[in-house]
Amino acid sequence: MVKNKKYRLEIKQPRLAAGIIFFTAKACGLPPAVNVWGVELKKILETLLRLITYQPDFDREGFILRENEYDRQSVPERRDGGQKSPGGPEGGGRNGGGEGSGRRTPRRAARPRRKDEPAGEAEPGRVHSRLDENRRAVERIYGLPANKDVILREFSLGTDPPLRAFMVFIDGLADRKSQYRLLENLMIHCRILRPGDVMSASRIMTSLLPGSQVKNLDSFEKIADAVNYGDTAFFFEGSDSALVVETKGWEARTVDRPETEQTITGPQEAFVENLRANIALIRKIIRSSDLYTEIIPVGARFRSDVAVMYIKDLANPDLVAEVKRRLSSITVDFVTDVGMLEQFIEDSPYNLNPQTLATERPDRVAAALAEGKVAMLLSGSPFALVVPTTMFSQLHTGEETYLRWQYGSFIRYIRTFSFYLALLLPGSYLAVTLYHQEMIPTELLLAIAGNRERVPFPTVVEMLLMEFSFELVREAGLRIPGIIGSTIGIVGALILGQAAVQANIVSPILVILVAVTGLASFSIPYYSLAFAVRIYRFFYIAMGALLGFYGITIGLFIQILLTVNLKTFGLPYLSPAGPRTFPGRDMVGRLPVFLQRRRPDYLNALDDVRLPGAPRGWVEGGDGGSEDGSDR
Amino acid sequence: MKMVRTGKFGPAEAVVLLTLSSMARIFLTFPRFLVEIAGEAAWLSSLAGLAMVLFQVYVFLLLLRTHPQKNIVDITAEALGRVAGTAANIVYAAFFVAVAAMFTRTFSEALLVSALPRTPISVVSTGYVAMGVLGAYVGLEAMARSARVVYPFVVAGIAILLLALIPLWDYTQLFPPLGQGPLSILRGGLIAGAVVEVLLAAVIVQSFHDPDKFGTILSWAMLMGFGYMIALMLILVMTFGYNTAQELTLPFYQVSRLIYLGRYFQRVESIFIIIWGYIGMVKVVLTLYAAAVTFAGTFKLPDYRPLIWPLALIIFVASLLPGDMPAAERIEAVVLRYYAWFPAFVLPLAVLAAGRARNRRNRKNAGG
């Protein structure tokens, strides 16, 4: 109703404008092509008007992580509580085989069917009881025999009488050894059965197939899904369902040391590209039956699985529901990395700051889960997304917790300082040298001026040149292949700097400055945040060069305002500093772990208390904590 | 009526926001006026001003307590009736606009004097007004949070400034303790007590998480704001002596220029530009926001945001009207500081009286 009204209001003037243009064109005797022009112009005008006119904006934030609603509530009664995705019917397209697609293959759509899509013919994708029918169906689905990856192998069961059957799998995805064992069992070892036994798929499943994960499926869509992910499907004559045995076994990277988040202490494992292995890496750390993993399919055409992990009796149910709602509402062709996923689910795509935390360390994910956060893993991506995240947690590495608290706090203060340096140093240098020279002690001022004397460029140009060269070295160092990459980066930077100074293109102090800034920005542990800082830095360079410290003040005002206004999954991005909540003794400075008795207040976890009773029982009260060290 | 969401913030943020806002004037020429009036006892004048402000807070508390869900705009409209109420609300809004314009001008002038002597004033004013628009548009919640995030840096900066001057303190400058006499102290108090923050807090009270704590929040904010002012007054007079202090254009700036702790820690006044530049922006944001919200409340508009652009333009133009810095200062000292009592105190007092009278009449009517 309101929308219509708004639209009508907007269209009034453009129509008038377009009319005027049209009639003027006609009066001038211009060809009718102008009419088309007029329509285009009308559209442009409409858009322009929408941009500059007032649009009421009554509900700016969708989801808010409510304060204390679930605090202190005991573990929910239903163990399978979160199984249904709240955004719509669970896996809407999953059950309806062949629902909604005019495509050749009855592949499932990850999204619930839209209203305007055609519903498709009734159940074409069910497994038939005649083997030949099924074979034709499989050949149709996979485009056999043209498609060379898919192997269809016919065989007979070694029963009496022999039962015809065939199996389907994708070469390279399925594990040969387990297939040999399966075939061996079906073709040879089943002679023990008595002749005349009814050989249904379920009977074979219970007594003949030694796979640990066997599913009895009757929809080609689901079967194809499984086969596409490395499983092997068996079809039998006379059975109107197929057996899908888990035989995933492709070549994959083994678990290795972290590449981008290196630490000195703490676990040295990183995620790999295999979803199940990644989940296991987390489960290995959090050994709890309350750790839930829900799989949400993403990707309308090429399915990827997103595993949503959380701890049932800790994570705020609203948060879990919101994560699942956002994930299940995504319409995307396919997703290859969590970096893509992140862009679909973050709150403010136009803000520079990253609003999720991508990490490759299972121990960090485990720590986040234990705080009540939610993690997302994507099949094929060696990173996990943790939400919600704050800027403070993006400046942590997890290593500080493994170190003694004095060392951890020290590192964090250094890092905070370097954060400011990376952001403000070049801009402040420009402000000081261009506008506030009185701040510089005389000797230093003379030194700077002496160095500058031979340089023909203004300081801003000098600064931009150096910053640009630094970014160039950085990018080139990343792209240069192999071992020479890292060395050429450093050598290139050194030689470039030295030569630039000798050629009087930049002054030496600027080289030092840019190098320090670069070092500072490398010390920001989260890659995305470091990126944001790199870009903001240019903004401050411009502001400092334009208006000195006043410009930097303007920059700070804008940046702080936009950053505190940012929300990640209902949580203010700068919590617990803005808005102020109970900081939990783990923000910039870090107190001893035994003093961190509560979980971060802003997460509104179901259980606030992290350390019940006396954390150091042997000091505080007699006999200490429970004997086996388990939670109470 | 559906109002636009403006967000809410907790007491800590509210206190800090109002404190920063009330600190704004100590970076400008205001301390000089106070020294001029009260002499050595300028800090006592601030104390007297604090007492007067706390009395204002009490009056506003009486006003707001009876209508927990409303702000001063609604209460005024209700108590004074349609015509007088609307007129009074327009006076409030005009007051906010005037304060915003005045602070835009004086902060810009201060920046020109201290740091950017060759920059046109319109450029600096544009910066302030633009930040005002941005802050008011994004909303008070973000503004309060950002104030809370920045506050530790402000406190640290001021503490460093004041403590770095210890070598220059001369306690004898504070004597005679009563300066020009008790009457001048009170006159100074009258000027120091004319603040915009009390009325402003009464306008934005609905953005507080718990409006019941209006009195506490405002009292704390005023105590802190005046605390900084008293400290600065003391240090100003101790460092310069009252004779020199009343000659200074920007006392805070002059004080910070004196810092000399060895060769490498001197002339750091430029760093303070960041602090007072920021505080000036907070002030402009708050007054602009309050003006827009007052207008929107007066005319029962669902959203205040469309009013920001025109009001910002008015503020910008008004800020450029005085011919030069002395003219702007004269308007501030002679007109605004004295007449501020009318919208900030007399009018609300009238509203209180009218409301009381109306209640009594209603009760009598109901009883009889």
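Below, chain A is the first sequence line, B the second, and so on; all start at residue 1.
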Quiz item: For E443(A), does the CD atom have more than 12 heavy-atom neighbours from other residues, nucleotides or ligands under 6.0 Å away?
Solution: yes
Quiz item: Just wondering, more than 12 heavy atoms not from F539(A) lying within 6.0 Å of its CZ?
Solution: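 Enclosed: over 12 neighbouring heavy atoms sit under 6.0 Å from CZ of F539(A).
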Quiz item: Counting heavy-atom pairs under 4.5 Å to chain B, which of I440(A), V432(A), L561(A), I552(A) comes out on top?
Solution: L561(A)
Self-check item: K283(B)/E197(B) salt bridge by N-O under 4.0 Å criterion
Solution: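 Salt bridge flag = yes for K283(B) with E197(B).
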Exercise. Classify the angle between the aromatic ring planes of F27(B) and W276(B) as parallel (below 30°), tilted (30 to 60°) or perpendicular (above 60°).
Key: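 Ring orientation, 0 to 90° scale: parallel.
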Side chain, backbone, both or neither: which part of [X] has a non-hydrogen atom closer than 4.5 Å to chain A?
X: V124(B); value: both
X: I273(B); value: both
X: F153(B); value: side chain
X: L111(B); value: side chain

Quiz item: What part of L574(A) lies closer than 4.5 angstrom to a heavy atom of chain B: side chain, backbone, both or neither?
Solution: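 The side chain, not the backbone.
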Quiz item: Given a strict heavy-atom distance threshold of 4.5 Å, which part of L556(A) is in contact with chain B: side chain, backbone, both, or neither?
Solution: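 Contact with chain B is through the side chain of L556(A) alone.
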Quiz item: Just checking, R145(B) and F9(B): is the charged tip under 6.0 Å from the six-membered ring centre and within 45° of the axis?
Solution: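 Output no; distance or angle outside limits.
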Quiz prompt | Distance flag, aromatic centroids of Y304(B) and Y289(B), threshold under 6.0 Å | solution = yes
